[in-house]
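Structure first, then comments.
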Amino acid sequence: MQNLLHNLNPEQLAAVTLPAQSALILAGAGSGKTRVLTTRIAWLIQTAQVSPAGVLAVTFTNKAAKEMMSRLSAMLPINTRGMWIGTFHGICNRLLRAHYRDAGLPQTFQILDSADQLAAIKRLLKALNVDDEKYPPRNLMYFINGAKDQGLRAHEVEANDDYNRRFVQLYEAYDNQCQREGVVDFAELLLRTYELMSRNQPLREHYQARFRHILVDEFQDTNNLQYNWLKLMAGEHNAVFAVGDDDQSIYAFRGANVGNMVAFEREFRVQNLIKLEQNYRSHGHILDTANTLIANNSKRLGKNLRTDAGHGEPVRIYEASSDIQEAQWIIEQSKSLIGEGALRSEIAILYRSNAQSRVIEHALFTAGIPYRVYGGQRFFERAEIKHAIAYLQLMDNPHNDSAFLRVVNFPTRGIGARSIEQLQDAARQYGISLYAAVPYVAGKAGSSLGSFVKLVEGMRFETQNLPLQEMVKVMLDMSGLIPHYQTEKEGADRIENLEQLVSAAMLFVNEEGFGIDTPAFLGPKAQEVAGTPLPNGDELIDADAPLVTVMSPLSAFLSHASLEAGDNQAQAGQDALQLMTVHSAKGLEFDAVFITGLEEGLFPHENSAQEQGGLEEERRLMYVAITRAKKRLYMSFSQTRMLHGQTRYNMKSRFFDELPEAALKWLSPKVQHQWFGNKKSAWDDAPEVGANNIAQSFARKDVGWRIGETVSHQKFGEGVIVNIEGGGTNSRAHINFGKHGMKLLDLNIAKLERVAG
DNA sequence: ATCCCGACCTTTTTT
DNA sequence: AGGTCGGGAT
């Protein structure tokens, strides 16, 4: 115990050893948040305030859950498997599996990922003959998920006009379709669990009696449904230990509600609010930069990070003439960092949007520097894996129409669009699944569909007593997937992936312990409650009864595949530069960080201007970006940039005006140097204004002004000349004034002034 | 069944 | 610019 608390600072120690009441921990970037969370759990268990089974720890990502799990097993000499540490979705899945009857789901219900959900919606619209121009599937999906994230069923959604009333109808129809097929989407996992717990008192009381301590990571990212779910699980008496950072709330666009932090303080009667402000990550100048920037936000709970490290290096800022040149500069700087002994994997290049990576990747590729891009396609999202999974889904639950449609004619077996249409008509007529409707289709179509059904049934029969990985192997063989890809020229990679699916199944069996009897770990009180029969006569099973009694290995593996899409880093292993969006950098840290494309319209993104609180969220995003850096921070922006096939002339980001000058070092001169050239290598020094080599891309029009030039207008402020038309006495300029928008001004009338910098 | 062309879109993303 | 998707032609 001594060594458990041994290296904590006073605030961390206070947080870890708080009494068993709800508490809010405001944990700044790099303040040891995960450490506090895991040490809190270890301390509670070690001091016998709670048994491992009485702990519920919730995260957003599998990665965070795994991290907590592994740190805990390092701290405690107990089997962490009995503990409930997982994502919101993972935990809800577990609860729904154990109580599927009470939740009104089939035992083998399956989970739709976003792509499956969209496909299901498209199918629904087609079946109902809905004009998908007027009601775009994607919008309907946002509508449905948005409603579910608010905890609202179709009949609870308020619709004030015909258009929205139609959306509500379609939401209802979508839920019916899902129910018929035995599938649930991500939001449904949460909503269904919420409804289960709120309606079923014995069940609710059982779990409330069990989970005396609920711990939540990244609390600022919770949406309203998740918040209410926590409230339900906590009941009146349990302690919720919420850890979060309002300054790092960057997911409002997907329903996260920072307001939950304030609500939590009030509704959970929080007596203890502890701020972790000691930062162990960044040097002083970097931290000052972050603090000064974020101070411009009005809606904050208030927090200022401090560090014991010295000032360190200043934050370097660079103005490039083009996105290509920006990339070259990044490469030069990276090379020199690597030359000084930096690890490539400790250098991150961050951008606001994915489109920006292309130019950087190209430059890195040309320079022969290894790099790794985060955020690509993930293992379980690959087409061939999706196909294989669909076969497995049909073996487990043949009424999953999405799965049926995906593979009924893949590999091709002569079942064309006509046959499918006939089948869909029959299914609609009888209100049954496609699989069940096959006997109602006559003729040639009926017989080819019939042999597909026989195939699926054959696969199920052949594999019923086999271990999971053997099951997958047999499926791959019988389905014809492997032979199909063998004949395809680009098929080798796909076959390799399919073989990896077999390994994934084996790994899953070993890790989840299927076949090994995992003992249920029930606290005394929980066991008492567990004996209580439910009103409907079902016996109350605790959800951590051995998984095998709750679901088959196949069902479990399929949930795993949906809930954990796998790594998305293609080229692991090698020591490589790290490229990613600012969003995906959250939670990570690097010795050196480049924040690129710091321009008005890009960062802050132009779309954010329309949104309520959009600018503040962009600023938090910038704050997240800055606080990723440990020792070196570089920021860059460019005068021109290719975006969507067009050259854009952006002003530098307004965020530069919000940074502390004393912490910065401007590498590029704050004057118009770009057309009057200079040696790139000498940009550290004062520019030679008036030198005479004009860069080709900025040919000067003979009107006194240049494209790309920054000007100032009395009414509109600063702007960038985007285009000039006409000439002489009849010349007009398109000028991008940022906040004021694009203006077309007559150059002979408008009073423009040159702006230095 | 497959292939090719043109229309369309383009912030951020986990489960 | 570049990728995806759907429709129409082969």
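Values below: every heavy atom of this structure, side chains too, minus hydrogens, waters and symmetry copies. Letters go in sequence order (proteins before strands), and every chain restarts at 1.
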Protein-nucleic acid N or O pairs under 3.5 Å, nucleotides 6-13 of chain B:
{"unit_1": "dT11(B)", "atom_1": "O4'", "unit_2": "His605(A)", "atom_2": "NE2", "d": "3.2"}
{"unit_1": "dT11(B)", "atom_1": "O2", "unit_2": "Arg352(A)", "atom_2": "NH1", "d": "3.0"}
{"unit_1": "dT11(B)", "atom_1": "O2", "unit_2": "Arg352(A)", "atom_2": "NH2", "d": "2.1"}
{"unit_1": "dT11(B)", "atom_1": "O4", "unit_2": "Glu611(A)", "atom_2": "OE2", "d": "2.6"}
{"unit_1": "dT12(B)", "atom_1": "OP1", "unit_2": "Asn354(A)", "atom_2": "N", "d": "2.7"}
{"unit_1": "dT12(B)", "atom_1": "OP1", "unit_2": "Asn354(A)", "atom_2": "ND2", "d": "2.8"}
{"unit_1": "dT12(B)", "atom_1": "O4'", "unit_2": "Arg352(A)", "atom_2": "NH1", "d": "3.0"}
{"unit_1": "dT12(B)", "atom_1": "O2", "unit_2": "Arg352(A)", "atom_2": "NH2", "d": "3.2"}
{"unit_1": "dT13(B)", "atom_1": "OP1", "unit_2": "Thr581(A)", "atom_2": "OG1", "d": "2.6"}
{"unit_1": "dT13(B)", "atom_1": "OP2", "unit_2": "Asn354(A)", "atom_2": "ND2", "d": "3.4"}

Got a list of protein N/O to nucleotides 7-10 of chain C N/O distances below 3.5 Å?
none

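For Glu421(A), there are no side-chain contact (heavy atoms from CB on, under 4.5 Å) partners two or more places apart in sequence or in a different chain. In this view, Asp401(A) satisfies the side chain to side chain donor-acceptor pair (under 3.5 Å) rule with no residue, not counting sequence neighbours. Every residue meeting the side chain to side chain donor-acceptor pair (under 3.5 Å) condition with Asn224(A), not counting sequence neighbours, appears here in chain and number order: Gln150(A), Asn257(A). In this structure, Gln486(A) has no side chain to side chain donor-acceptor pair (under 3.5 Å) partners at least two apart in sequence or on a different chain. By the side-chain contact (heavy atoms from CB on, under 4.5 Å) test, Lys386(A) pairs with Asp113(A), Asp116(A), Arg406(A), sequence neighbours left out. Thr627(A) is linked by a side-chain contact (heavy atoms from CB on, under 4.5 Å) to Ala29(A), Ala290(A), Tyr623(A), counting only residues two or more places apart in sequence or in another chain. Checked against side chain to side chain donor-acceptor pair (under 3.5 Å), Glu181(A) has the following partners two or more places apart in sequence or in another chain: Arg123(A).
The distance between atom CG of Leu125(A) and atom P of dG6(C), rounded to the nearest whole Å, is 13 Å. For the pair Glu361(A) CD and dG2(C) P, the computed distance is 12 Å after rounding to whole Å. Put simply, CD on Gln220(A) is 15 Å from P on dT14(B), counting in whole angstrom units. The CG-P distance, from Asp185(A) to dT14(B), rounds to 18 Å in whole Å. For Phe380(A) and dT14(B), the CZ to P distance is 16 Å, given to the nearest whole Å. Between the C1' atom of dT14(B) and the CD atom of Glu381(A) lies a distance of 10 Å, rounded to the nearest Å. Protein atom CD of Gln356(A) is 16 Å distant from nucleotide atom P of dG2(C), rounded to whole Å. Between the CG atom of Asn93(A) and the P atom of dT14(B) there is a distance of 19 Å, given to the nearest Å.
Side-chain atoms of Thr61(A) lie closest to dT15(B) of the nucleotides dA1(B), dT15(B), dG2(C). For Thr412(A), counting side-chain heavy atoms from C-beta on, the closest listed nucleotide (dG6(C), dT15(B), dA1(B)) is dA1(B).
In this structure, Asn62(A) reaches the sugar-phosphate backbone alone: every heavy-atom distance under 4.0 Å involves primed, P, OP1 or OP2 atoms, never a base. Residue-level contact check: Lys586(A) touches neither bases nor backbone, having no heavy atom under 4.0 Å from any strand. At a threshold of 4.0 angstrom between heavy atoms, the contacts of Asp132(A) with the nucleic acid are absent.
Taking side-chain N and O atoms only, Arg378(A) has a distance below 4.0 Å to OP1 or OP2 of dT15(B). One finds no side-chain N or O of Asn223(A) lying less than 4.0 angstrom from the OP1 or OP2 phosphate oxygen of dT14(B). Here Lys122(A) reaches the OP1 or OP2 of dG6(C): one of its side-chain N or O atoms lies under 4.0 Å away.
At least one donor-acceptor pair under 3.5 Å links the side chain of Ser70(A) to the backbone N or O of Glu67(A). Of the possible polar contacts, one joining the Glu326(A) side chain to the Gly597(A) backbone as a donor-acceptor pair under 3.5 Å is found.
Spacing between dT12(B) and dC5(C) at atom P, rounded to whole Å, works out to 16 Å.
Looking at which nucleotide of DNA chain B each of Ala565(A) and Ala417(A) is closest to, the 5′-most match is held by Ala417(A).
By the 6.0 Å and 45° rule, Arg641(A) does not stack over the aromatic ring of Tyr649(A).
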